[in-house]
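Below is one structure, written out as structure tokens; the observations come after it.
Keep in mind that this is a model prediction, so the values were computed, not measured. Chain A is the first sequence line, chain B the second, and so forth, proteins listed ahead of strands; every chain is numbered from 1.
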Amino acid sequence: MRSWLENPAKPKLGQNLKYDMHIFANHGVTLKGIVHDTLLQSYVFESHKPHDMDTMAMRHLGYTTIPYVDVCGKGAKQICFDQVELGRATEYAGEDSDITLRLHQSMLPEVEKDAGLTRIYREIEMPTMEVLHKIERNGVLIDSALLDVQSGELGKRMMELEQQAYEAAGGPFNLGSPKQIGEIFFGKLGLPVIKKTATGAPSTDEEVLQKLAEDYPLPKILLEHRGMSKLKSTYTDKLPKMVNPNTGRVHTNYSQAVAITGRLSSNEPNLQNIPVRNAEGRRIREAFIAAPGHVIVSADYSQIELRIMAHISGDAAMLKAFAEGEDIHRATAAEIFGIAPDEVQSEQRRYAKVINFGLIYGMSAFGLAANLGIERGAAANYIERYFARFSGVKQYMDNTRLEAKARGYVETVFGRRLWLPEINSPNGPRRAGAERAAINAPMQGTAADLIKLAMIAVQGWLEADKLGTRMIMQVHDELVLEVPEGELELVRVKLPELMAGVAKLDVPLLAETGVGKNWDEAH
DNA sequence: CATGTCACG
DNA sequence: ACGTACGTGACATGA
């Protein structure tokens, strides 16, 4: 079938074609002529609903598909599809093709009822799929030897901490078991219960341990052990095991239809949650390296969601701050505290930064108070002062809530629709959650649209100019490239230009780059 | 498979 | 009185 598969004039449609492209590529076949993907149609039409074929067949066609487990079984007794009896395999595969076409015939018209959705589908999601396919195949080079050394160090230190913990607790226990920790803390040692989990058990999360560590020795030991355990099991032990023996690199999968806001997600392994916030964790990034003769270039959007808030709300003070290239948190602090920007103290700037982040998430006075460690009344006061100074933002938030309630969805700048099924729920906490999501979704979603457009532009440029530079990761507001040393100066100029120029908003977009032999240096 | 926890933007 | 910042994925435990 190669000649048909590779013929761009023969149109193809499928469900999650990025997967099929990988299978074909593994066998030296380059799938061409991709015109439609029902996974992406469903995602653009109804991002909050399931996109698996069985569920969609029932939802759109009222049709019950042959369950995969009926054909191949499950668990230890599962067989591979190539072991299925041919007649049965034919029936299953035939249905698969038939249903895909019928889903396409049902969903594409729904997408095309709306010009914005059509654009998101054709100009963003479909091209993004092909970019993601290339990024996934490129993979990332990992210094496994370095991670092995780190694993050894972590393991040694963890064993020391275990002994200390046993002494403090008066006997051995499993440090990885919240249940056993609870029994020792709140039973045996009689420590106070700070908060409870969703199921009513006493919590032993980081916040609780920090609080208890003020008065007792064991929580501190546990905190250090937890941090190391996380690094070791999730990263230093695991990443070397994920290296593909054929390519010598790690190949993540980007899920393009999971996050209801339009963001990507990364899995097996997740390369979007590699530690960065503290020095110990950041060492993991030293193991994300460039091939010989290459460097890692990282480019990230500066304050992308706040810029989008300024654009969407049209708030004059915020637009002005960005237009003049000010430090946005400093400018915010100056407004809230009623002083000149150069009079802002570092503590005041920190407050303003927490408020700015909180706004993006639809914060309450309670949340702000908890985050700043201040009284709720004081937090309410800051919010009030903020909204007095940034009245456009206040108006945007109120309008967004009303719009979400009236229509059941909100939109990104590019017209991506973000549905909020619980916006009119009689359940108060659920409704409040949907209201916060309504505030956040247009900003997070527009940022997702922008970086997808940037990825399409960057990949288009790399191919048009036949460069050796490869895109290797996306982390929501950051693109990571592996660059031949000879192309470094070119990439350092062109990459941020493309990212910043991908759309003309009422605020300037800014992308900042870093370079290094590894991801830590480049960040 | 649910739960608790914690890594990221 | 309740619950409380948005969006993800992965791990270990334990039923």
Side-chain angles (χ1 to χ4, degrees), chain A residues 47-48 75 173-182 195-209 222-223 225-239 242 252-255 257-278 280-282 284-285 300-301 303-306 309 354-372 376 379 383 397 410 418 420 427-445 447-448 451 473-478 519 523:
Chain A
S47 75
H48 61 300
F173 66 102
N174 185 343
L175 276 69
S177 167
K179 193 177 165 202
Q180 292 183 35
I181 294 169
K195 67 172 174 179
K196 295 190 172 181
T197 67
T199 53
S203 171
T204 70
D205 71 10
E206 185 175 354
E207 189 189 332
V208 169
L209 294 187
L222 222 45
L223 273 170
H225 186 273
R226 274 231 183 112
M228 294 192 167
S229 171
K230 178 81 176 178
L231 292 180
K232 186 168 186 290
S233 65
T234 309
Y235 304 107
T236 61
D237 285 351
K238 195 68 197 298
L239 285 170
M242 302 295 291
T252 188
N253 173 63
Y254 288 100
S255 296
V258 166
I260 58 172
T261 54
R263 272 192 183 179
L264 302 175
S265 78
S266 160
N267 55 67
E268 288 184 284
N270 184 353
L271 297 185
Q272 292 180 324
N273 74 344
I274 304 300
V276 71
R277 290 174 188 172
N278 60 55
E280 307 87 76
R282 206 150 49 226
I284 311 282
R285 293 187 176 226
D300 67 298
Y301 280 115
Q303 305 293 357
I304 186 73
E305 292 189 7
L306 281 175
M309 178 151 80
V354 171
I355 292 169
N356 275 331
F357 272 109
L359 283 169
I360 293 173
Y361 301 140
M363 70 173 172
S364 62
F366 178 95
L368 181 63
N371 220 306
L372 287 175
R376 181 157 42 169
I383 294 174
M397 304 226 159
V410 292
L418 310 158
L420 303 155
N427 180 327
R430 291 173 97 88
R431 187 175 63 245
E435 287 178 13
R436 292 192 296 272
I439 301 290
N440 175 260
M443 291 177 270
Q444 191 180 123
I451 197 161
M473 286 186 280
Q474 188 258 38
V475 193
H476 307 306
D477 65 354
E478 174 187 13
W519 194 11
H523 207 270

Quick one: is [X] getting a side-chain N or O under 4.0 Å of the [N] phosphate, OP1 or OP2?
{"X": "A:Ser203", "N": "B:dT5", "answer": "yes"}
{"X": "A:Gln180", "N": "C:dG14", "answer": "yes"}
{"X": "A:Thr197", "N": "B:dG4", "answer": "yes"}
{"X": "A:Lys238", "N": "C:dC11", "answer": "yes"}
{"X": "A:Ser265", "N": "C:dG9", "answer": "yes"}
{"X": "A:Ser233", "N": "C:dA10", "answer": "no"}
{"X": "A:Arg263", "N": "C:dG7", "answer": "no"}
{"X": "A:Arg277", "N": "B:dG9", "answer": "yes"}
{"X": "A:Lys179", "N": "C:dA15", "answer": "yes"}
{"X": "A:Ser266", "N": "B:dC8", "answer": "no"}
{"X": "A:Arg436", "N": "C:dT4", "answer": "no"}

Tell me if the side-chain of A:Gln444 makes a donor-acceptor pair with the base of C:dC6, cut-off 3.5 Å, by modelled atom types.
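Side chain to base: pair found, below 3.5 Å.
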Shortest non-hydrogen separation from A:Asn267 to A:Ser255 and the atoms involved
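Looking at all heavy atoms of both residues, the closest pair is ND2-OG, 2.8 Å.
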What's the shortest heavy-atom distance between A:Ile304 and A:Ala447, and which atoms?
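For A:Ile304 and A:Ala447, the tightest heavy-atom pair comes out as CG1-CB, 4.0 Å.
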Expressed as a whole number of angstroms, how long is the span from [X]:[atom1] to [N]:[atom2]?
{"X": "A:Lys195", "N": "B:dG4", "atom1": "NZ", "atom2": "C1'", "answer": "11 Å"}
{"X": "A:Met228", "N": "C:dC11", "atom1": "CE", "atom2": "P", "answer": "20 Å"}
{"X": "A:Lys232", "N": "C:dA10", "atom1": "NZ", "atom2": "C1'", "answer": "16 Å"}
{"X": "A:Gln303", "N": "B:dG9", "atom1": "CD", "atom2": "C1'", "answer": "12 Å"}
{"X": "A:Tyr301", "N": "B:dC8", "atom1": "OH", "atom2": "P", "answer": "23 Å"}
{"X": "A:Asn278", "N": "B:dC8", "atom1": "CG", "atom2": "C1'", "answer": "12 Å"}
{"X": "A:Ile451", "N": "B:dC8", "atom1": "CD1", "atom2": "C1'", "answer": "14 Å"}
{"X": "A:Asn273", "N": "B:dA7", "atom1": "CG", "atom2": "P", "answer": "10 Å"}

Would you say that [X] contacts [Y] through its side chain, given a criterion of any heavy-atom pair below 4.5 Å between the two side chains?
{"X": "A:Trp519", "Y": "A:Leu271", "answer": "no"}
{"X": "A:Met397", "Y": "A:Met309", "answer": "yes"}
{"X": "A:Thr204", "Y": "A:Leu222", "answer": "no"}

Need to verify one output field. Residue with the more 5' nearest nucleotide on DNA chain C, A:Pro178 or A:Tyr361?
A:Tyr361
For nucleotides C:dT4 and B:dT5, find the distance between their P atoms and express it as a whole number of Å.
14 Å
Quantified in whole Å, what is the C1' atom distance between nucleotide B:dC6 and nucleotide C:dA1?
30 Å
Applying the Watson-Crick and G-U wobble criteria at under 3.5 Å, what pairs with B:dT5? Answer none if nothing qualifies.
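B:dT5 is paired with C:dA10.
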If C:dC2 has a Watson-Crick or G-U wobble mate with both distances under 3.5 Å, name it; if not, just say none.
none
Between the main-chain N or O of A:Pro275 and the side-chain N or O of A:Arg285, is there a donor-acceptor pair closer than 3.5 Å?
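Such a contact is found between A:Arg285 side chain and A:Pro275 backbone.
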Given A:Ile284, which partner from the list A:Ile274, A:Thr234, A:Val276 fulfils the side-chain contact (heavy atoms from CB on, under 4.5 Å) test?
A:Ile274
Need one value for [X]: base, sugar-phosphate or nothing, where a base atom within 4.0 Å counts as base even if backbone is also close, heavy atoms only.
{"X": "A:Arg431", "result": "nothing"}
{"X": "A:Glu268", "result": "sugar-phosphate"}
{"X": "A:Leu264", "result": "nothing"}

Quick check for you: among C:dC6, B:dC6, C:dG3, whose closest atom lies nearest to any side-chain atom of A:Ala437?
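Closest nucleotide to the A:Ala437 side chain: C:dC6.
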Check every atom of C:dG14, B:dA7, C:dG9 against the side chain of A:Asn174 and return the nucleotide holding the closest atom.
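When the side chain of A:Asn174 is considered, C:dG14 is the closest of C:dG14, B:dA7, C:dG9.
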